[in-house]
Amino acid sequence: MIVELILGLGVLSLVVAFVFRQRVLAVKVEDGAASPEELSKLLEISGAIAEGAMAFLKREYSVLAIFMVLFAIVIAFTTGSHGVYTSLAFLAGSITSVVAGFVGMTIATKGNVRTASAARQSLKKAFRVAFESGAVMGFGLTGLAVIGLILVFLGIEVLVPFGLDVTREIQMEILSGFGLGGSSVALFARVGGGIYTKAADVGADLVGKVEAGIPEDDPRNPAVIADNVGDNVGDIAGMGADLFGSVAESTCAALVIGAAAYAVTPETSQNLGILLFPMLVNGVGIVASIISLFFVRVTSEDKVEGALKTALIVSTLVMLAALYPTTTMIFGDTQFMVGTVNVTAMGVYSALAAGLIAGLLIGLITEYFTSHRFKPVQEVSDASKTGAATNIIYGLALGYNSAVVPMLLIAISVAIGYAAAGMYGIALTAIGMLGTIAVGLTIDAYGPTSDNAGGIAEMAHMGKDIRKRTDALDAAGNTTAAIGKGFAIGSAALTSLALTSAFLTRAQGVLTEQGKTLNLDIMDPHVLSGLLVGGALPFAFSAMTMKSVGKAAFDMIEEVRRQFRTIPGIMEGTGRPDYSKCVDISTRASIREMIAPGLLVILTPLVIGFLFGVQMLAGVLIGSLIVGVMLAVSMANSGGAWDNAKKYIETGAHGGKGSDTHKAAVVGDTVGDPFKDTSGPSLNILIKLMAIISLVFAAAFASNGGILLK
């Protein structure tokens, strides 16, 4: 019954995504076009954006396909007798993540032009189109994650009578290959997409806004199409793959830890519902997210941001209410031990609730530090009056300060989760935080769709009134995008900690069979050295990705300047820029530059695990988690604050557009672009991917690792 229920909820999510897709596609672009010429322009621009986005995805995934096959072979030959099955699960996760990326990208590149067209009719209709485009991504990705997990589990179950004689623990270890596949795709999608979008954005801003003095999204800017393509490949495909990986990984971590207790506790050994409960939580979140959609209402420009937040808050409250009867129904009076902690239904619910509430609070705190409605961002914009240097100083200070409370919330939720259900509770806090992922991703994907709509409206010369409406949608999207990044980082922290817990649980099981124990004394030199190495990794990774953006942006800037110099009439609007050249520069640079950071993340746990053993690797995972989360939050929020400080000035504050204050803010925003859209969010993947690799190879590390220490 539990299997059918989980599968049914996953299918429900896909049905909701399909319904919203049909609603978006039913909107006629010609209904919002003022003339045949404008319609032709809308279709031409949106077609160029779609073509560029899909071309990038195809080139990126063609490179990834080679990596996935090679990594699957490594998994098959190094993870024991069940390695082939783990590698198949890995490929299933990779393919599912790729499909999710294509689904989101396809609807985003169709929804953007329809949002721009609908804006001529009303703000309310434009909002509906953009929001429903985001819902396709949100519910489609969540449904694919839930269905993928349960189908891989069923595949393992089917193989058991045909010779796959393994314990529940090994089954869940095989299943974690699915999460590894999703997270591996996410790494390259996040890093590659981030480099692409920021190379285009920096080139468009510095040469277009600052040097040439033309507005954002002006069709005279050669990088404008590449900039709009980047919004999709970074914030749609990249964010989608990131959160797909989080859902799969946190669920796998809870399944691995739960399976260890499941195997030794008579009360649970025959209860499949308890074993698969983490998957059911994801399904309950789908229902809660659907209910929250009925509370989304927009009547005026100042209500857009509130409507988006309402969906997030309502889904959290509904999830809190729904999880209690669900938990008591599945667990009843059953109790079992996880380590030294006695787990009950109430303990399970408490851990889930702690993660769910912490996620919402992290989102709201992120809003406070990144929205220009509040004091921190207004201080950054005020600092711009004395130049770019003070703007950057205030932005950095804001980012550092903003990382404190989210880290405390994560610490509190971890403490509650462990007290309530041991290491299993830590994994459940991560699942709880991701419980409303369907609506959270809907809100996040809404942002780039609205941003693209504004760019299309500007390039098609639809008029100031239309641009004013799309700007209202985009302004709300900027804030919710920052909330989404904060949420993604917080969930990544808990997911990584859950995966590390699962890794240690699995490694301890293997060592126990060998008559050994796992010593994680912080003063042990192996653990301590691992902590130091792990703490250094986020800085090395961030340096690599920041420099990659810089190198790619340099090529873009030179190309934009060249076109302004050599194409006659480009500033007068009579010469046509070579948009495709800029798109190609971003594509080639992102594919080239994503390789080195990706290899750093993937090879580190493999090298440490095999050469130095489980103890040092545990230190590496914890060190990278602590430093990575703080660095990721501060970078993402600094970047978001610089962006919205610029937008606050563009509303007319401190001299408005074109003033010296505005130019200083543009420089700050340009510095913040790789902070918030490349390096900061990509750190999510670093801490999660290293942990899931460690989990998948845990038995191999515990059995054969520490070669240099023997």
Side-chain angles (χ1 to χ4, degrees), residues 186-207 223 226-227 230-231 233-235 238-239 242 370 388-389 391-393 395-400 402-403 481-482 485 488-489 492 534-558 585-602 604 624 627-643 646 666-687 689-690:
L187 171 67
F188 294 103
R190 250 310 186 195
V191 174
I195 293 170
Y196 185 110
T197 183
K198 291 306 105 182
D201 203 359
V202 169
D205 282 356
L206 283 184
V207 184
D227 189 10
D231 292 334
V233 300
D235 289 334
M239 173 66 88
D242 182 358
T370 57
N391 168 280
I392 292 171
I393 289 169
L396 288 172
L398 179 149
Y400 298 151
S402 70
K485 289 183 177 69
I489 294 167
L537 281 174
F539 288 97
F541 180 83
S542 297
M544 294 171 75
T545 50
M546 292 283 284
K547 283 188 69 175
S548 293
V549 171
K551 287 189 284 186
F554 177 82
D555 293 341
M556 183 66 71
I557 289 169
E558 288 300 303
I585 286 174
S586 270
T587 301
R588 285 188 288 105
S590 61
I591 299 296
R592 180 185 70 242
E593 297 293 333
M594 74 181 185
I595 303 298
L599 291 177
L600 174 71
V601 176
I602 291 167
T604 295
S624 64
V627 175
V629 171
M630 294 292 285
L631 189 59
V633 172
S634 65
M635 292 178 82
N637 288 349
S638 286
W642 279 318
D643 188 5
K646 176 200 68 177
V666 169
V667 173
D669 176 41
T670 305
V671 172
D673 276 336
F675 269 53
K676 68 181 174 67
D677 289 327
T678 308
S679 298
S682 295
L683 286 169
N684 302 345
I685 318 294
L686 178 140
I687 61 177
L689 184 55
M690 289 204 305

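In what follows, every heavy atom counts, from backbone to side chain, and hydrogens, waters and symmetry copies are set aside. One-based numbering along the sequence shown.
With sequence neighbours left out, the ring-ring contact (aromatic ring centres under 6.0 Å, His included) criterion links F541 to no other residue. Under the side chain to side chain donor-acceptor pair (under 3.5 Å) criterion, S679 pairs with T545, not counting sequence neighbours. S542 meets the side chain to side chain donor-acceptor pair (under 3.5 Å) test with no other residue; sequence neighbours excluded. A search for side chain to side chain contact (heavy atoms under 4.5 Å, CB included) contacts involving A388 returns A664, V667, not counting sequence neighbours. When the salt bridge (charged side-chain N to carboxylate O under 4.0 Å, His left out) test is applied to D669, the partners found at least two apart in sequence or on another chain are K646. Partners of N637 under the side chain to side chain donor-acceptor pair (under 3.5 Å) rule, at least two apart in sequence or in another chain, are S402.
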* To do: Given side chain to side chain contact (heavy atoms under 4.5 Å, CB included), test L537 with T604 step by step and report yes or no.
  => CA-CA 9 Å; L537 281 174; T604 295; 3.6 Å; yes
* To do: Verify side chain to side chain contact (heavy atoms under 4.5 Å, CB included) between M690 and I687, making sure each step is shown before the conclusion.
  => CA-CA 6 Å; M690 289 204 305; I687 61 177; 5.9 Å; no
* Can you list the steps and then say if I392 with W642 is a side chain to side chain contact (heavy atoms under 4.5 Å, CB included)? -> CA-CA 8 Å; I392 292 171; W642 279 318; 3.9 Å; yes
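Atom-to-atom distance recorded for F188:CZ and I595:CD1 is 5.5 Å, nearest 0.5 angstrom. Taking OG1 from T678 and CG from D673, the interatomic distance works out to 8.0 Å, rounded to the nearest 0.5 Å. Within the model, atoms CZ of R592 and NZ of K551 stand 7.0 Å from one another, a figure rounded to the nearest 0.5 Å. T197 OG1 to D227 CG: the interatomic distance, rounded to the nearest 0.5 Å, is 6.0 Å. For the atom pair D677 CG and R190 CZ, the distance stands at 7.5 Å (nearest 0.5 Å). Rounding to the nearest 0.5 Å places CG of D643 at 12.5 Å from OG of S638.
Contact check for L187 versus V601: side-chain heavy atoms found under the 4.5 Å cut-off. Proximity of F675 to M546: side-chain heavy atoms (C-beta onward) are separated by under 4.5 Å at one or more points.
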